[in-house]
Structure formats: structure tokens, C-alpha cells
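The shown structure was predicted, so the numbers you read here are calculated from the model rather than taken from an experiment. Chain identifiers are assigned alphabetically (A, B, ...) following the order of the sequence lines, protein sequences preceding nucleic acid strands; residue numbering begins at 1 within each chain. The figures here come from the full heavy-atom set of this structure, side chains too, leaving out hydrogens, waters and symmetry mates.
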Amino acid sequence: MRMIEQNEIFLLQGVSYFDLARTLDCGQCFRWRLCDDGFWEGVAAGRFCRVRQRRSVLLFTDTDRQSIRDFWIPYFSLDVDYAALCRDFRSDPVLAQAMDFAPGIRLLRQEPWETLCSFIISQNNHIPRIRGIIERLCALLGEPLPGGMSSFPSPEQLARCTLEDLAPLRSGFRAKYLLDAAQKVLCGAVDLRAIGQMDPDAAREKLTGICGVGPKVADCVLLYAYNRTQVVPMDVWMKRVLAVLYPDGFPKHFSPYWGIAQQFLFHYARSHAGLLRAPL
DNA sequence: CGCCAGGTATGAT
DNA sequence: ATCATACATGGC
């Protein structure tokens, strides 16, 4: 990969095994929007940018060279050798089919606090509605950023709120969970920095101490924010995949990376609902 | 209009 | 331990 600049637009060339649209639209993140001009715009960790893909080239605007190198490349996992990973995955026929159906999905490295809140909101909810709630949350409590979007509100900002303050989010029963998460993170009962140093079982134990955080939400945080690639969040779709496509369990061979494989399988399952819907 | 959603807390066996 | 049920809301 190499980066060149053409009047305010940064071009990242030689990008492979990457599909921007699928990566941003596969249910791991909720704050990116496709604009009419083909650019995706979004905010991550308090940074706004616009990005578009043309074959093996990524075009960035509203950011700078250093942010791309130090933040956006790791954010999109463009520093990870997916060629080797996908070659390995291909030895499994089910995974090969899922990757052929929708190649290029990469695991994002997202900010832990935002990821925690996002997946608290995700429970028993539709993806379009998850997006709406998060958008209203950021507009209500986040800091305005250049570009028109707002940052994700900090634990402090959220902890200052009452349930009534959060009513405009229309987040239903989840609002009290958000407040509990904010309080526990603010007072140090849950130390998001320390969780980054813990093994997945200890981390899961800590996270599920937050009201509204069960095993599925905790695992989403471990995978999508802490890059614990061995963790597989078991939602209804992955349970169906397991029951129908892997009746003898997931092959052990890829165990350090099953979380990444999960992304292809999750997307494949949702796109073939008819084949997988009935059983559980 | 009902059905259901990237689940979890709660109370009952 | 395991199992059923309620849960707020609105996209489809």
C-alpha cells in the first residue's frame, strides 16, 4: 500500500481483500452513511472523515496524512494480512462459499465505549433503528465536529443524564442500561483500559457486570473494539449457522480467528435467511 | 396491522 | 442449571 495526495484528496493504493461498503454495512458499526457522491462519511473515536473505494484504491477526504496512517488504516484493519487469512479460511468449504458470496469484509478496530453502548442498544432491535438511536444520542449529547456530525458522547456526558433526558432517543428499555454503563465506567467499577489487557473470560466477566450486558453484547465488544479475534458473538444467526452448517461444531483449526470468520458467516446467513430461518 | 428484531433480566421449575 | 416471558419502539 502507498499513499499519495491530489489536492486535498488522499489516495491509498494497492488495497486488496477489502470491500469498504460491506465492511461498513455488515452490522459491526452503525455511524457510517453512504452519500450521493459515493463517499461514505462517518465518525470514529472523535474523528470525522469521508472515504470512497474505487477498485484497489481508497480515497480519503476531510482528514490528513497522519490520521490516515496512524488511525484510519488500523481502524479498517488494513494493516492485517487478510490475504493469508483468507487463503487459510478457504480450506473450509462453508467458509469458502461465504467468502465467495461476499468477499472483503474486514474486522474494524472500534472505540470501546462507543462499541459497548452501540451493542447495548442493539439488543432485541433492528439495525436501521439501532442507527437511528445512536444518531440521536450523538446529536443530543456529543460534541459537534467539523463536517457536521457529532462525536459519540463520553461516559461523563451520559452519566450526567437522567432517564427523562434520554427520552428523545426513543431507545425504550435500553436507556437505563446506558446510564448504568456510564456510571460504572465513570466511577471505575468497569475500567475499559484495563479490559484491554485482560483475557477474554475475565473481560467478559467484567463487562457482564453492567446491567443490560449479557454474553452476546460482551463478546461483540471484545471482538469489535478489543480485536479479540478468537471470540465469536453467538446471536440467533450464528446459532443457525452452527446448527445447520456446522452440526459437529466449528473446526478447531481456525480457533484464533473464528471471530473474523464469523463476519463472513453472519453476513452469509442473513443473506440466505430462507435457507436458515426455520431451525434453531 | 401485526410480526419481529445482532438479547437480557427476572422469576418460575 | 435451564426455561419462559416481558420488555419499548418502530421498520417492514
Ser122(A) vs Asn125(A), test: side-chain hydrogen bond (donor to acceptor under 3.5 Å, both in side chains). Steps then yes/no. CA-CA 5 Å; Ser122(A) 80; Asn125(A) 216 343; over 6 Å; no
Given Thr63(A) and Arg47(A), is the side-chain hydrogen bond (donor to acceptor under 3.5 Å, both in side chains) satisfied, shown in steps? CA-CA 8 Å; Thr63(A) 182; Arg47(A) 301 160 184 262; over 6 Å; no
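Atom CG in Asp235(A) sits roughly 15 Å away from atom C1' in dC4(B) (whole-Å rounding). One can place CE of Met234(A) at 16 Å from P of dG6(B), the figure rounded to the nearest angstrom. One atom, CD1 of Ile130(A), and another, C1' of dA8(C), lie 14 Å apart when rounded to the nearest Å. For Leu163(A) and dT9(C), the CG to P distance is 12 Å, given to the nearest whole Å. Residue Ile210(A) contributes atom CD1, which lies 11 Å from atom P of dA9(B) at whole-angstrom precision. Per the geometry, CD1 belonging to Ile120(A) stands 16 Å off C1' belonging to dC7(C), to the nearest Å. Rounded to a whole Å, the CE atom of Met238(A) is 16 Å from the C1' atom of dG7(B). dT9(C) atom C1' lies 9 Å from atom CZ of Phe173(A), rounded to whole Å.
Residues Arg22(A) and Asp25(A) are not paired through a salt bridge, judged by the lack of any N-O separation under 4.0 Å between the basic side chain and the carboxylate.
For the P atom pair drawn from dC3(B) and dT5(C), the interatomic distance equals 15 Å after rounding to whole Å. When the P atom is used for both dG10(C) and dT8(B), the distance is 22 Å, rounded to whole Å. Atom name P, nucleotides dG11(B) and dA8(C): the rounded distance is 14 Å, in whole Å.
The nearest heavy atom of DNA chain C to Pro128(A) and to Gln123(A) marks one nucleotide each, and the one closer to the 5' end goes with Gln123(A). Heavy-atom nearest nucleotides on DNA chain B were determined for Gln263(A) and for Tyr177(A), and the one closer to the 5' end corresponds to Gln263(A). Place Ile127(A) and Gly212(A) on DNA chain B by their nearest nucleotides, and Ile127(A) ends up nearer the 5' end.
For His126(A) against dG6(B), no side-chain N or O and base N or O form a donor-acceptor pair under 3.5 Å. For dA8(C), the base has a donor-acceptor partner in the side chain of Asn124(A) [N/O atoms by modelled type, under 3.5 angstrom].
Within 4.0 Å (heavy atoms only), Phe30(A) reaches no atom of the nucleic acid at all. Note on Gly27(A): a base of the nucleic acid sits closer than 4.0 angstrom, heavy atoms only. Across all strands shown, Gln262(A) has heavy atoms under 4.0 Å from base atoms, whether or not it also approaches the sugar-phosphate.
In this view, Ser16(A) satisfies the side chain to side chain contact (heavy atoms under 4.5 Å, CB included) rule with no residue, not counting sequence neighbours.
For Phe266(A) and dG6(B), the ring-to-base geometry satisfies the stacking test (centroid distance below 5.5 Å, interplanar angle below 30°).
Between Phe71(A) and Tyr75(A), the two ring planes are parallel [angle under 30°; tilted spans 30° to 60°].
For CD of Glu205(A), the number of neighbouring non-hydrogen atoms (other residues, nucleotides, ligands) closer than 6.0 Å is 12 at most.
Checking the phosphate oxygens (OP1, OP2) of dT9(C), a side-chain nitrogen or oxygen of Arg170(A) falls inside 4.0 Å. Residue Lys176(A) has no polar side-chain atom (N or O) positioned under 4.0 Å from OP1 or OP2 of dC7(C).
Of the listed nucleotides (dG6(B), dA8(C), dT8(B)), dG6(B) has the atom at the smallest distance from the side chain of Tyr224(A). With dA8(C), dT8(B), dG6(B) as the candidates, the nucleotide lying closest to the side chain of Arg174(A) is dA8(C).
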